[in-house]
Undergrad: 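I have a structure I would like to understand better, so I am pasting it below and will then ask my questions one at a time.
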Amino acid sequence: MDCLFCKIIAGEIPSTKVYEDELVYAFEDINPQAPVHVLVIPKTHIASAADITGENSALVAHIFEVIPGIAKKLGLKNGFRVVTNCGDDGAQTVKHLHFHIMGGRPLQGQMG
Ligand code: 5GP
Ligand code: ZN
């Protein structure tokens with residue numbers, strides 16, 4: 001499959017790993033929008049939040065279970081933002097489900 005994030009998971013494209021387990025990979029965003037900007041992705045290809053079903057939602061729950069530990073490791077003591085962009089109107093550019101973790105400065109109240 002011609003998917004950028006599947007290639008990152010496979011190690012075919014280099015990335016800076018922040019966290020990994022059997023289900024999830026987290027790495028630094030190549031174009032950070034905040035002092036800390038990490039992407040958390042399932043190792044299984046799910047195209048977007050529009051493709052979450054009863055069959056794969058446990059994986060999404062697992063992602064949210066590991067996010068607090070990742071945030072702690074990144075030193076995000078004052079909070080952080082978790083965002084997923086979905087589809088064209090949601091400005092999703094990589095069609096492999098990913099959750100942005102952003103922080104390290106006070107973020108604007110609106111999403112843009
Ligand atoms: P989206 O716009 O789909 O929500 O977010 C995609 C994110 O992937 C963007 O923040 C972009 O900077 C990041 N990104 C795109 N290509 C690469 C890459 O090759 N390596 C890494 N680490 N991040 C990437
Ligand atoms: Zn993929």
Side-chain angles (χ1 to χ4, degrees):
M1 188 186 296
D2 192 23
C3 170
L4 177 65
F5 286 174
C6 282
K7 287 178 182 164
I8 284 179
I9 292 162
E12 292 166 18
I13 293 172
S15 63
T16 303
K17 180 166 78 173
V18 170
Y19 173 85
E20 182 174 19
D21 66 26
E22 68 280 8
L23 299 173
V24 164
Y25 187 69
F27 56 105
E28 291 179 0
D29 196 292
I30 204 168
N31 183 23
Q33 303 298 308
V36 174
H37 188 167
V38 164
L39 302 173
V40 189
I41 63 177
K43 287 186 172 176
T44 303
H45 182 89
I46 300 170
S48 79
D51 299 285
I52 297 169
T53 67
E55 298 290 307
N56 60 27
S57 61
L59 186 48
V60 178
H62 180 72
I63 288 174
F64 276 85
E65 286 171 17
V66 301
I67 281 175
I70 294 172
K72 192 171 181 185
K73 181 177 176 181
L74 295 169
L76 298 173
K77 293 191 182 107
N78 286 326
F80 54 90
R81 179 171 290 161
V82 182
V83 175
T84 189
N85 297 324
C86 179
D88 291 339
D89 281 3
Q92 182 183 10
T93 59
V94 180
K95 309 299 192 207
H96 180 128
L97 179 65
H98 52 282
F99 294 91
H100 299 256
I101 300 178
M102 287 174 283
R105 65 167 167 81
L107 299 170
Q108 298 292 317
Q110 64 184 50
M111 304 295 290

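For ligands, and for the atoms within them, numbers begin at 1 and follow the listed sequence. Quick caveat, the model's predicted, so the values are computed rather than measured.
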Undergrad: Search all heavy atoms of Pro42 against all heavy atoms of Leu59 and return the closest pair with its distance.
TA: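 Looks like CB-CD2, 3.7 Å.
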Undergrad: For a quick test of your reading: what N or O donor-acceptor pairs under 3.5 Å do the side chains of residues 1-14 make, sequence neighbours left out?
TA:
unit_1	atom_1	unit_2	atom_2	d
Asp2	OD1	Lys7	NZ	2.7

Undergrad: Tell me the closest heavy-atom pair linking Ile41 and Leu97, and the distance in Å.
TA: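 In this case the closest contact between Ile41 and Leu97 is CG2-O, 3.5 Å.
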Undergrad: Output the set of protein residues with a heavy-atom contact under 4.0 Å to ligand 1, ordered first by chain identifier and then by residue number.
TA: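 Near ligand 1, by chain and number: Leu4, Phe5, Ile8, Phe27, Glu28, Asp29, Ile30, Asn31, Leu39, Asn85, Ala91, Gln92, Thr93, Val94, His98, His100.
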Undergrad: Please tabulate, one pair per line, all N/O donor-acceptor pairs under 3.5 Å involving side-chain atoms of residues 24-34, not counting sequence neighbours.
TA:
unit_1	atom_1	unit_2	atom_2	d
Tyr25	OH	Ser15	OG	2.8
Asp29	OD1	Asn31	N	2.8
Asp29	OD2	His37	NE2	3.4
Gln33	NE2	Asn31	O	2.9

Undergrad: For Val83 versus Met102, what's the shortest heavy-atom pair and its separation?
TA: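 It is CG2-CE, 3.9 Å.
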Undergrad: Looking only at heavy atoms, which two atoms of Asn85 and Gly90 are closest? And how far apart?
TA: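 Heavy-atom minimum between the residues: CB-O, 2.9 Å.
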Undergrad: Hey, would you say the His100 and His98 ring centroids sit under 6.0 Å apart?
TA: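 Yes, they do, as the ring centres are separated by less than 6.0 Å.
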Undergrad: What protein atoms of element N, O or S are positioned under 2.8 Å from the Zn ion (ligand 2)?
TA: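 Listed by chain and number: Cys3 SG, Cys6 SG, His45 ND1, His96 ND1.
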Undergrad: Can you name the closest pair of heavy atoms from Ala49 and Thr84 and give their distance?
TA: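 Scanning both residues, the minimum pair turns out to be CB-CG2, 4.2 Å.
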Undergrad: Locate the shortest heavy-atom distance separating Asp88 from Lys95; write the atom from each residue and the value.
TA: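 Here Asp88 and Lys95 meet closest at OD1-NZ, 3.4 Å.
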